[in-house]
There are 2 protein chains.
Amino acid sequence: MPTRIRPRTACAPADDLSNPIPEEFCDHLGFVLARARLELIRGLDAVIQPSGLQARHFALVRLLLQRPGLSQAQISALLGTDRTTTMKMADDLERRALVSRKRSATDRRANTLSLTPQGERWIARLQPALEDEEARFLEPLSPGERALLQELLVRLVQHATTPNNPNNQHE
Amino acid sequence: MPTRIRPRTACAPADDLSNPIPEEFCDHLGFVLARARLELIRGLDAVIQPSGLQARHFALVRLLLQRPGLSQAQISALLGTDRTTTMKMADDLERRALVSRKRSATDRRANTLSLTPQGERWIARLQPALEDEEARFLEPLSPGERALLQELLVRLVQHATTPNNPNNQHE
DNA sequence: TTCTTTTAATCAGCAATACTGAGCATTCTT
DNA sequence: AAGAATGCTCAGTATTGCTGATTAAAAGAA
C-alpha cells in the first residue's frame, strides 16, 4: 500500500478541501507562525476585551510587574513596539489607573512607569483566564512539547533581536 | 553555589537590561509567538517589498500554485483572512498580472483564481531569497529543531482552526 | 414551479492601527 | 558653552481590518 510521506503532519493533500491547511504550507514557516499567533492572540484578546484593553497592554503590564520603573523607551525596545504605540498604551493604562507615570529621578526626560495596586490586581484577576486560554490553545501538545516550543521560540526571538546579527538590520 | 533555574533558556534576569527578553516572558507564549512572527514577517516583507507587495500576497500565490482554481471564499477560509482583504489582495495581484480571475464554470457567482505564467515566474524568482531569509531566521535552530518547530505549529494551527473545537468559537 | 434564504463577490465607508515628522525638554559630547 | 542626541508628546497621515449594503447566482422550501 502507498504510505504517505510525513504522516505525522496534519496537512492535507492538494485535493482535500475540507482540511484547513494545505500541504504546501507545512514548509512555509511564515504562514503557520502568523496563523498560530493570530489564533492565540484572538483568544487572549477576547479574555481581555471586557477591560477595553488588549493582549499588548497585558504584556506591558506584566513586563512592569517584572521590572518596575522602566521607561517608555526601554519598554518599546523590549516589546518591539513603536515609541508612539507604547505611549498610547501607557495612556490607556494610566487612564484606567493601572499604571502610573513618574519623572525619572536620574533622567528627567524619561517617564518611569510602574504598576498601581489596581494594576497588580488586574493582572491577578486576568491571569487564570489567560492561562486557561493558552492551555486550550496548547491542548494538542504534550507538556514536553509545550516547553520545547517555548524554548525554540525564545531562541529565535533572542537571535532575531540581538543587535549584532539582525539578519537584515532594518537600517 | 546557587545555580539558576532553567539555565537553557536565553531569558534575562530582571536586572539585566541588555538582554532583550526579560525572564518573565519565557513563559508568556503569546509574547514570544507574536515577537517571532513579527521579526520573520518583517524580513520576508523586506524581500518582497520591491514588488510593492507583501508576504501575504506571496502566501496567496503559493497557495494557488498548489491548488489552482480556488475561489476567493475558499482562499479566505484557508488563509484565515477576511473576504474583503482577500479581494484586495486579488486586486493587487491581478493588477500586476500575477493571477487571473475567471468566472467559475460550476458556480457563476464565484471567481476562480489561477496563476499566470508571470505569477509562476514571480514565485520562482522570489523563492530563493525568501528561503534564505527564513534560513537566517532559523539559524539558531538545528535542522531537527526546525522540523519540530514547524510540526508543532502546524498541529496548533490545525487544532485552533478545526470547526468543532475552536476553543471559544468566535460566535 | 415560485418564493425565500443563503452564498460569492464587490464596493463604500468607518474605526482602529502604525507610523512620520515636528516640537520641546533634557542629557550627552566635545 | 554649543551642538548633537535622546525621551516624550502631539498632530497628521497612510494603512489596515472590518461592517454593511448591493448585485448576482445558487440552494432550499412550499
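Labels below follow one simple rule: chain letters A, B, ... track the order of the sequence lines, proteins then strands, and each chain is numbered from 1.
Using a 4.0 Å heavy-atom criterion, one finds that A:R101 contacts the sugar-phosphate atoms exclusively. Residue A:T84 is in base contact, counting any heavy-atom pair closer than 4.0 Å across all strands shown. Contact annotation for B:S71: backbone-only contact, meaning every heavy-atom pair under 4.0 Å involves sugar-phosphate atoms and none involves a base.
At the phosphate of C:dT10, OP1 or OP2 sits under 4.0 Å from a side-chain N or O atom of B:Q72. Distances shorter than 4.0 Å separate none of the side-chain N or O atoms of A:Q54 from OP1 or OP2 on C:dA16. In this structure, B:R83 does not reach the D:dG20 phosphate: none of its side-chain N or O atoms is under 4.0 Å from OP1 or OP2. Using a 4.0 Å cut-off, some side-chain N or O of B:R56 falls inside it from OP1 or OP2 of D:dG17.
Side-chain atoms of B:R96 and B:Q118 include no donor-acceptor pair closer than 3.5 Å. For the residue pair B:T116 and B:S100, no side-chain donor N or O sits within less than 3.5 Å of a side-chain acceptor on the partner. Between the side chains of B:Q74 and B:R67, no donor-acceptor pair is found at a separation under 3.5 Å.
B:D91 places its CG atom 9 Å from the C1' atom of C:dT10, with the value rounded to the nearest Å. Across the protein-nucleic acid pair, B:N111 atom CG and D:dA25 atom C1' stand 12 Å apart, rounded to whole Å. The CE atom of A:M89 sits 11 Å away from the P atom of C:dT17 (whole-angstrom rounding). The interatomic distance linking A:D82 (CG) with C:dA18 (P) rounds to 9 Å, in whole Å.
The listed nucleotides are C:dC19, D:dA25, D:dC18; the one nearest the side chain of B:R108 is D:dA25.
Counting distance only, with no hydrogens placed and no angle test, the side-chain atoms of B:R109 and the base atoms of C:dT7 include a donor-acceptor pair under 3.5 Å.
Nearest-nucleotide mapping onto DNA chain D: of B:K88 and A:M87, the residue sitting toward the 5' end is A:M87.
For the pairing with A:R37, the side-chain contact (heavy atoms from CB on, under 4.5 Å) check across B:L33, B:V157, B:L29 returns one residue only, B:L33.
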